[in-house]
Amino acid sequence: MAASSDLSPSDEYSADRPESGSGADRRGRVRLRRAAVMAVPATLTVAALAVLTAQGALGVQFAISGMPFTVAATELNGTGFEQFGALDNMAEGSPNAGDTGGQVLVVTSAIKNATLTKLCQSVDLGGTNLMITAGSGSDKVQATDLTTDSTELSGDASFNKIEIGNDASTLDKAGVQGPKGVFSQQADTVRIANLRQTNYATTAGVFKLPGLKLRFSDSGC
């Protein structure tokens, strides 16, 4: 019905009435116009998903597995950095919930644009580790709109133009806002050498992994 409302009366009339010669061309143009109008909601949906990813909303909504994984890198450099506390939720009845009630208290770190050198990610599957490595060559791992939900983070960090004590709902360096009333910090740039994280979730708008290798290993990162 929405498609028909965007057509003028003459368009609808041209689509239905039989005409010789140019009639087929007119009908074809009307059908294409209707198809274009019907495609608009799909385009808007894709745009909305992109906005939600940038705002960190998708990361908040998906149910985590409850299995922590390790992320390590020899160096991380980022522009547009934010950090605040949050709660991640497991799927209802998850066997990994234990006595947590299915929730994990995490620190969310958001970086608008990030590069990582010699990235390693591993998850303990019970007796063996699934390991991913990338960015060990001349090309570094690149990510945009990157968020990580961590319970532990270590490394040698430096920040440029840092603000500490912001309300998480007012952050504006990475395009992500946290809950109102929650303590947070943000900075124009961040550099962390010898990065090591214990994470429960990661999201990114774009994640480029040059030299990607996936394998099972007796030890993790």
Side-chain angles (χ1 to χ4, degrees), residues 48-90 96-121 135 140-208 221:
L49 287 174
V51 171
L52 287 172
T53 300
Q55 293 179 342
L58 293 184
V60 172
Q61 288 180 355
F62 75 70
I64 63 171
S65 70
M67 297 178 65
F69 56 96
T70 299
V71 173
T74 57
E75 185 177 56
L76 177 149
N77 286 281
T79 58
F81 171 80
E82 300 173 357
Q83 198 170 65
F84 55 89
L87 278 173
D88 281 352
N89 294 278
M90 303 178 203
N96 299 319
D99 58 0
T100 66
Q103 292 186 321
V104 179
L105 180 63
V106 296
V107 174
T108 295
S109 302
I111 304 176
K112 188 63 179 177
N113 296 285
T115 60
L116 300 99
T117 304
K118 294 184 178 179
L119 174 70
C120 179
Q121 176 180 298
K140 299 178 181 180
V141 171
Q142 298 181 37
T144 61
D145 298 319
L146 175 68
T147 67
T148 57
D149 290 358
S150 313
T151 53
E152 294 183 25
L153 187 155
S154 63
D156 302 312
S158 60
F159 303 91
N160 183 40
K161 295 184 178 179
I162 190 169
E163 303 170 1
I164 302 174
N166 309 58
D167 188 290
S169 67
T170 67
L171 297 176
D172 58 8
K173 299 293 185 181
V176 178
Q177 287 78 46
K180 184 174 290 188
V182 172
F183 180 92
S184 70
Q185 60 183 4
Q186 65 178 0
D188 283 356
T189 66
V190 58
R191 177 185 179 273
I192 305 177
N194 303 314
L195 171 69
R196 190 171 186 86
Q197 295 176 301
T198 300
N199 291 348
Y200 278 85
T202 297
T203 66
V206 175
F207 212 176
K208 296 182 179 180
C221 297

Taking all non-hydrogen atoms of both residues, which atom of [X] and which atom of [Y] are closest, and how far apart?
X	Y	value
Ile192	Ala157	CG1-CB, 4.0 Å
Phe207	Ala143	CD2-CB, 3.7 Å
Gly85	Pro179	O-CD, 4.0 Å
Ala110	Ala174	O-CB, 3.9 Å
Ala114	Leu146	CB-CD2, 4.1 Å
Tyr200	Gly66	CE2-O, 3.5 Å

* To do: May I ask you to test the Val104-Asp149 pair for a side-chain heavy-atom distance under 4.5 Å?
  =>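 Heavy-atom side-chain distance check fails, nothing below 4.5 Å.
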* Donor + acceptor pair across side chains of Thr147, Thr203 (<3.5 Å) ->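 Side chains of Thr147 and Thr203: pair found under 3.5 Å.
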Under 3.5 Å: donor-acceptor pair, side chain of [X], backbone of [Y]:
X	Y	answer
Gln177	Leu171	yes
Thr74	Thr117	yes
Asn96	Ser65	yes

Can you tell me which residue pairs pass the salt bridge (charged side-chain N to carboxylate O under 4.0 Å, His left out) test with a partner in [range], sequence neighbours excluded?
range	answer
residues 176-186	none
residues 182-204	Glu75-Arg191, Lys173-Asp188
residues 100-111	none

Starting at [atom1] of [X], measure out to [atom2] of [Y] and round the result to the nearest 0.5 Å.
X	Y	atom1	atom2	answer
Thr108	Phe84	OG1	CZ	4.5 Å
Thr202	Gln121	OG1	CD	6.0 Å
Thr115	Gln142	OG1	CD	7.5 Å
Thr70	Glu152	OG1	CD	9.0 Å
Asn113	Thr79	CG	OG1	4.0 Å

Sequence neighbours excluded and cut-off under 3.5 Å, please list the side-chain donor-acceptor pairs for residues 159-166, or say none.
unit_1	atom_1	unit_2	atom_2	d
Glu163	OE1	Asn166	ND2	3.0
Glu163	OE1	Gln186	NE2	2.8

* State which residues pass side chain to side chain donor-acceptor pair (under 3.5 Å) with Ser169; sequence neighbours excluded, sorted by chain then number. =>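 Counting only residues at least two positions away or on another chain, Ser169 forms a side chain to side chain donor-acceptor pair (under 3.5 Å) with Asp167.
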* Could you pull out all residues at least two apart from Glu82 that satisfy side chain to side chain donor-acceptor pair (under 3.5 Å)? =>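 Side chain to side chain donor-acceptor pair (under 3.5 Å) list for Glu82, sorted by chain: empty.
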* Asked: What ring pair (Phe, Tyr, Trp, His ring centres under 6.0 Å) pairs are there with at least one residue in residues 171-196, not counting sequence neighbours?
  -> none
* Can Leu116 and Leu195 be said to form a side chain to side chain contact (heavy atoms under 4.5 Å, CB included), step by step? -> CA-CA 9 Å; Leu116 300 99; Leu195 171 69; 4.3 Å; yes
* To do: Give the intermediate values and the outcome of side chain to side chain contact (heavy atoms under 4.5 Å, CB included) for residues Leu153 and Val107.
  => CA-CA 9 Å; Leu153 187 155; Val107 174; over 6 Å; no
* Asked: So Val106 and Leu87, side chain to side chain contact (heavy atoms under 4.5 Å, CB included) or not? Walk me through it.
  -> CA-CA 6 Å; Val106 296; Leu87 278 173; over 6 Å; no
* Pairing residues for Ser150 by the side-chain contact (heavy atoms from CB on, under 4.5 Å) criterion, not counting sequence neighbours -> Thr148, Gln197, Asn199
